[in-house]
Amino acid sequence: MTSALRERFWERYTLEELTSAEWEALCDGCGQCCLLKLHDEETQELAVLNVACRLLDTHTCQCSDYENRFAYVPDCTQLTPALVREFTWLPATCGYRRVAEGRKLAGWHPLLSNDAECVHRKGVSVRGYAVSQDDVPEQQLESHIIAVLPM
Ligand code: SF4
Ligand code: SF4
């Protein structure tokens, strides 16, 4: 852990109180929020696909151009404390969601394990099942639904 991060900051501060370095470090690198979703206005349900945003490296589960991502993916969302609470679709494993809900981070989180591969070995990340949207024709998206969530 670098000195820019306060000791066990995730247990001692709210999301609003984090520095930008702490905010970034709280992401566990699972890539789940970069999976495409289909919103059904009628049923108010959100279908999650195993199809990832074209900028997601489906092996590392990292954004391949995080700094410039909004230039390529204008609808990529910058998470904020308010959005973490609003986005009920964020996975229960998500580091931001855990802190927002007053839960502990899991032992596999990079902040605790000091091992960025742990999230993959534990099967929490999208590695191994996510495919890039560049490889899926738009008319086939619906056949890639892996979960349907209430909004
Ligand atoms: S779901 Fe949460 S922890 Fe996982 S990549 Fe997205 S922001 Fe990071
Ligand atoms: S632009 Fe990057 S951070 Fe945003 S959804 Fe795509 S892969 Fe994820």
Side-chain angles (χ1 to χ4, degrees), residues 1-2 4-6 8-39 45-138 141 144-151:
M1 192 182 302
T2 71
L5 309 179
R6 291 168 292 182
R8 294 186 82 91
F9 65 87
W10 57 93
E11 293 172 347
R12 300 166 56 219
Y13 301 98
T14 64
L15 290 177
E16 284 81 358
E17 292 169 335
L18 302 186
T19 65
S20 54
E22 289 166 351
W23 179 268
E24 293 302 324
L26 193 51
C27 176
D28 59 38
C30 73
Q32 291 193 60
C33 58
C34 302
L35 296 178
L36 303 193
K37 297 158 203 76
L38 299 174
H39 183 195
E45 288 175 328
L46 196 69
V48 182
L49 314 183
N50 71 337
V51 181
C53 166
R54 60 173 43 91
L55 277 196
L56 192 78
D57 179 319
T58 54
H59 182 71
T60 65
C61 303
Q62 299 286 322
C63 184
S64 57
D65 197 355
Y66 191 68
E67 294 300 318
N68 303 306
R69 65 196 189 283
F70 295 112
Y72 301 103
V73 183
D75 59 350
C76 173
T77 305
Q78 171 69 55
L79 274 184
T80 62
L83 288 177
V84 169
R85 295 183 182 97
E86 182 184 326
F87 289 167
T88 52
W89 51 263
L90 279 172
T93 49
C94 172
Y96 299 101
R97 184 165 176 183
R98 284 173 179 270
V99 170
E101 294 176 352
R103 289 187 289 131
K104 292 183 184 308
L105 293 186
W108 47 259
H109 193 288
L111 285 166
L112 291 172
S113 67
N114 287 313
D115 178 358
E117 284 296 304
C118 215
V119 65
H120 308 302
R121 282 200 303 274
K122 288 288 180 184
V124 178
S125 78
V126 303
R127 182 187 286 177
Y129 72 86
V131 293
S132 173
Q133 73 181 118
D134 283 338
D135 297 328
V136 180
E138 198 157 342
L141 285 177
H144 285 265
I145 294 173
I146 53 171
V148 179
L149 308 171
M151 285 293 290

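Numbers for residues simply follow the sequence, beginning at 1. Computed from a prediction, not measured in an experiment: that's the story for all the values here. Whatever order the structure lists ligands and atoms in, that order sets their numbers, starting from 1.
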Next item on the list: With heavy atoms of G95 as the reference, note each atom of ligand 1 found under 4.0 Å away.
Entry: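 By the 4.0 Å cutoff, the relevant atoms are 3 (S).
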Checklist line | Enumerated ligand 1 atoms positioned under 4.0 Å from heavy atoms of P91 | finding: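 With P91 as reference, the close atoms of ligand 1 come out as 1 (S).
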Margin query: One residue to check: L79. Relative to ligand 1, which of side chain, backbone, both or neither has a non-hydrogen atom less than 4.0 Å away?
Written below: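 Within the 4.0 Å criterion, L79 contacts ligand 1 through side-chain atoms alone.
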[atom]: the protein heavy-atom neighbour that sits closest, reported with distance to 0.1 Å:
| atom | result |
| --- | --- |
| atom 1 (S) of ligand 2 | R69 CB, 3.6 Å |
| atom 7 (S) of ligand 2 | L56 N, 3.5 Å |
| atom 3 (S) of ligand 1 | D28 OD1, 3.1 Å |
| atom 2 (Fe) of ligand 2 | C63 SG, 2.4 Å |
| atom 4 (Fe) of ligand 1 | C30 SG, 2.3 Å |
| atom 6 (Fe) of ligand 1 | C33 SG, 2.3 Å |

Item checked: Flag side-chain contact, heavy atom, 4.5 Å: L49 against Q133 ->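 Of all side-chain heavy-atom pairs linking Q133 with L49, none is under 4.5 Å.
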Note to self: When you compare the side chain of D115 with that of W108, does any pair of heavy atoms fall below 4.5 Å?
What the structure shows: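 Heavy-atom side-chain distance check fails, nothing below 4.5 Å.
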Note to self: At less than 2.8 Å, would any N/O/S atom of C76, backbone or side chain, sit next to atom 8 (Fe) of ligand 2?
What the structure shows: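 Within the cut-off used here (under 2.8 Å), C76 places no N, O or S atom near atom 8 (Fe) of ligand 2.
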Item checked: Where ligand 2 meets V73 - atom numbers and elements under 4.0 angstrom, heavy-atom basis ->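 What qualifies from ligand 2 is 1 (S).
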Margin query: Within ligand 2, which atoms have a heavy atom of L55 less than 4.0 Å away?
Written below: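 With L55 as reference, the close atoms of ligand 2 come out as 1 (S), 7 (S).
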Checklist line | Test side-chain contact (heavy atoms from CB on, under 4.5 Å) applied to C33 and Y96, W89, F87, the passing residue | finding: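 The passing option is W89.
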Margin query: Just to verify, which of N50, L35, L36 counts as forming a side-chain contact (heavy atoms from CB on, under 4.5 Å) with H144?
Written below: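 Only one of N50, L35, L36 forms a side-chain contact (heavy atoms from CB on, under 4.5 Å) with H144, namely N50.
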Notebook entry, point to check: Looking only at non-hydrogen atoms, which of C34, S132, A71, A52 approaches atom 5 (S) of ligand 2 most closely?
Noted result: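 Nearest heavy atom to atom 5 (S) of ligand 2 lies in C34.
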Checklist line | The one among G31, C94, C61, C27 that brings a heavy atom closest to atom 8 (Fe) of ligand 1 | finding: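 Result: the heavy atom closest to atom 8 (Fe) of ligand 1 is in C27.
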So for atom [atom1], which belongs to [X], do other residues, nucleotides or ligands contribute more than 12 heavy atoms lying within a distance under 6.0 Å?
| X | atom1 | result |
| --- | --- | --- |
| K37 | NZ | yes |
| Y13 | OH | yes |
| E11 | CD | yes |
| Q78 | CD | yes |

Next item on the list: Show your working on side-chain contact (heavy atoms from CB on, under 4.5 Å) between L105 and L26 and close with a plain yes or no.
Entry: CA-CA 9 Å; L105 293 186; L26 193 51; 4.1 Å; yes
